[in-house]
Amino acid sequence: QVQLVNSGGDSVQAGGSLRLSCISSRSYVSNDCIGWFRQGPKKEREGVAAQVASGEVTYYADSVKGRFITSRDSANNAVYLQMNSLKPEDTGLYYCAYMSAGCGAYWYRPREYTDWGQGTQVTVSS
């Protein structure tokens with residue numbers, strides 16, 4: 001079991017940037033997968049990005065490709081989501097999540113993940 005702590009959410013104007021953090025209770029092994037999800041008002045939880053802990057493989061939803069970047073800091077058991085050029089439709093509660101044995105083709109499915117952070121709110125105003 002892995003405990004994850006989310007932080008970094010805030011209210012920003014469209015075009016702004018935020019960096020979300022996800023700190024793990026233990027060190028990641030190279031094949032661990034850390035996913036980022038969001039859930040907007042009256043919407044289902046959707047996969048935004050994912051990263052294999054080794055840092056070699058990343059995945060992005062089409063809606064954020066070119067604007068969001070996931071990275072990791074192994075020394076601090078941390079994974080980050082840098083969000084640029086934010087849009088009002090990016091508003092939602094953002095979660096990081098963990099699964100072992102790589103991200104794979106279904107990285108965007110919430111049910112693939114076993115452990116979740118508590119979420120952090122991102123609000124983008126126009």
Side-chain angles (χ1 to χ4, degrees):
Q1 187 176 7
V2 176
Q3 293 179 333
L4 302 173
V5 177
N6 277 127
S7 65
D10 206 344
S11 296
V12 296
Q13 291 193 327
S17 298
L18 285 173
R19 189 178 79 157
L20 306 184
S21 299
C22 178
I23 309 298
S24 170
S25 60
R26 65 158 177 80
S27 299
Y28 295 117
V29 297
S30 60
N31 207 32
D32 287 344
C33 178
I34 308 303
W36 289 96
F37 291 80
R38 67 186 179 192
Q39 189 163 13
K42 301 181 180 179
K43 294 182 180 179
E44 293 187 356
R45 193 170 297 189
E46 63 171 339
V48 173
Q51 175 165 15
V52 177
S54 64
E56 296 173 352
V57 181
T58 57
Y59 302 83
Y60 296 97
D62 288 344
S63 59
V64 306
K65 205 171 289 184
R67 299 189 297 123
F68 290 12
I69 301 171
T70 182
S71 62
R72 89 265 189 259
D73 176 357
S74 300
N76 293 300
N77 299 340
V79 174
Y80 303 105
L81 184 67
Q82 178 67 41
M83 306 188 297
N84 301 318
S85 302
L86 283 162
K87 305 175 181 180
E89 51 263 44
D90 294 319
T91 293
L93 190 59
Y94 281 71
Y95 302 87
C96 62
Y98 164 86
M99 66 170 161
S100 60
C103 296
Y106 299 113
W107 67 269
Y108 56 91
R109 285 184 182 175
R111 68 186 185 193
E112 302 294 324
Y113 294 79
T114 56
D115 301 276
W116 291 79
Q118 82 283 11
T120 186
Q121 179 67 36
V122 172
T123 304
V124 185
S125 58
S126 57

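This one's a predicted model, so the numbers in the text were calculated from it and none came from an experiment.
- Judged by distance alone, the side chain of Thr91 and the main-chain N or O of Thr123 form no donor-acceptor pair under 3.5 Å.
- Note: the hydrophobic cluster containing Ile69 also contains Val124 (ILVMFWY, side chain heavy atoms under 4.5 Å, direct or indirect links).
- Across all non-hydrogen atoms, the minimal contact from Gly104 to Tyr59 is N-OH, 3.8 Å.
- Across Ala61 and Trp107, no two heavy atoms sit closer than the pair N-CH2, 3.6 Å.
- Interatomic distance, Lys43 NZ to Leu93 CG, rounded to the nearest 0.5 Å: 13.5 Å.
- Taking the side chain as every heavy atom from C-beta outward, Asp90 and Met83 never approach each other to under 4.5 Å.
- Between Phe37 and Tyr108, the distance from one ring center to the other does not fall under 6.0 angstrom.
- Side-chain contact between Val48 and Tyr95 is absent, with no heavy-atom pair separated by less than 4.5 Å.
- Considering CD1 of Ile34 and OG of Ser24, their distance stands at 6.5 Å, rounded to 0.5 Å.
- Contact of the Trp36 side chain with the Leu20 side chain is registered, since non-hydrogen atoms from C-beta on lie closer than 4.5 Å.
- Val79 and Phe68 fall within a single hydrophobic cluster, where Ile, Leu, Val, Met, Phe, Trp and Tyr side chains are chained together by heavy-atom contacts under 4.5 Å.
- At a threshold of 4.0 Å, the pair Asp62-Lys65 counts as salt-bridged, since one of the basic side-chain nitrogens sits closer than that to a carboxylate oxygen.
- To the nearest 0.5 angstrom, Trp116 atom CH2 is 10.0 Å from Asn6 atom CG.
- Pairing each heavy atom of Thr120 with each of Ser7, the nearest pair is OG1-C, 3.9 Å.
- For Arg111, the CZ atom sits in a loose shell: 12 or fewer heavy atoms of surrounding residues, nucleotides or ligands are nearer than 6.0 Å.
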(request) Determine, step by step, whether Thr70 and Gln51 satisfy the side-chain hydrogen bond (donor to acceptor under 3.5 Å, both in side chains) criterion, reporting the C-alpha distance in whole Å, the side-chain angles of both residues, the deciding distance to 0.1 Å, and the verdict. (result) CA-CA 7 Å; Thr70 182; Gln51 175 165 15; 3.0 Å; yes
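- Residues Val122 and Asp10 have side chains not in contact (no heavy-atom distance under 4.5 Å, counting atoms from C-beta outward).
- Minimum interatomic distance between Arg26 and Tyr98 (heavy atoms only, all atoms of both residues): NH2-OH, 2.8 Å.
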(request) Apply side chain to side chain contact (heavy atoms under 4.5 Å, CB included) to Asn76 and Ile23, showing your working. (result) CA-CA 7 Å; Asn76 293 300; Ile23 309 298; 5.6 Å; no
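- From Gln82, atom CD reaches atom CZ of Arg67 across 12.0 Å, with rounding to the nearest 0.5 Å.
- Tyr60 and Tyr106 fall into different hydrophobic clusters, where Ile, Leu, Val, Met, Phe, Trp and Tyr residues are linked whenever their side-chain heavy atoms come under 4.5 Å apart, directly or through other members.
- Here the closest heavy-atom approach between residue Ser125 and residue Pro88 is recorded as C-CG, 4.5 Å.
- Relative to the ring axis of Tyr94, Arg38 does not place its NZ or CZ within 45° and under 6.0 Å from the centre.
- Minimum heavy-atom separation, Tyr28 to Leu4: OH-CD2, 3.8 Å.
- At a threshold of 4.5 Å between side-chain heavy atoms, the hydrophobic network of Ile, Leu, Val, Met, Phe, Trp and Tyr places Tyr113 and Val57 in one connected group.
- Residue Ser63 holds its OG atom at 8.0 Å from NZ of Lys87, rounded to the nearest 0.5 Å.
- Rounded to the nearest 0.5 angstrom, Leu18 CG and Leu81 CG are separated by 9.5 Å.
- In this structure, Gln13 places its CD atom where only 12 or fewer heavy-atom neighbours from other residues, nucleotides or ligands lie under 6.0 Å away.
- Remark: Asp32 does not engage Arg72 in a salt bridge, criterion side-chain N to carboxylate O under 4.0 Å.
- Here disulfide bond (SG atoms under 2.5 Å apart) pairs that include residues 62-96, with residues two or more places apart or in two chains, are Cys22-Cys96.
- Counting only distance, with no hydrogens or angles, the side chain of Ser25 and the backbone of Gln3 share a donor-acceptor pair below 3.5 Å.
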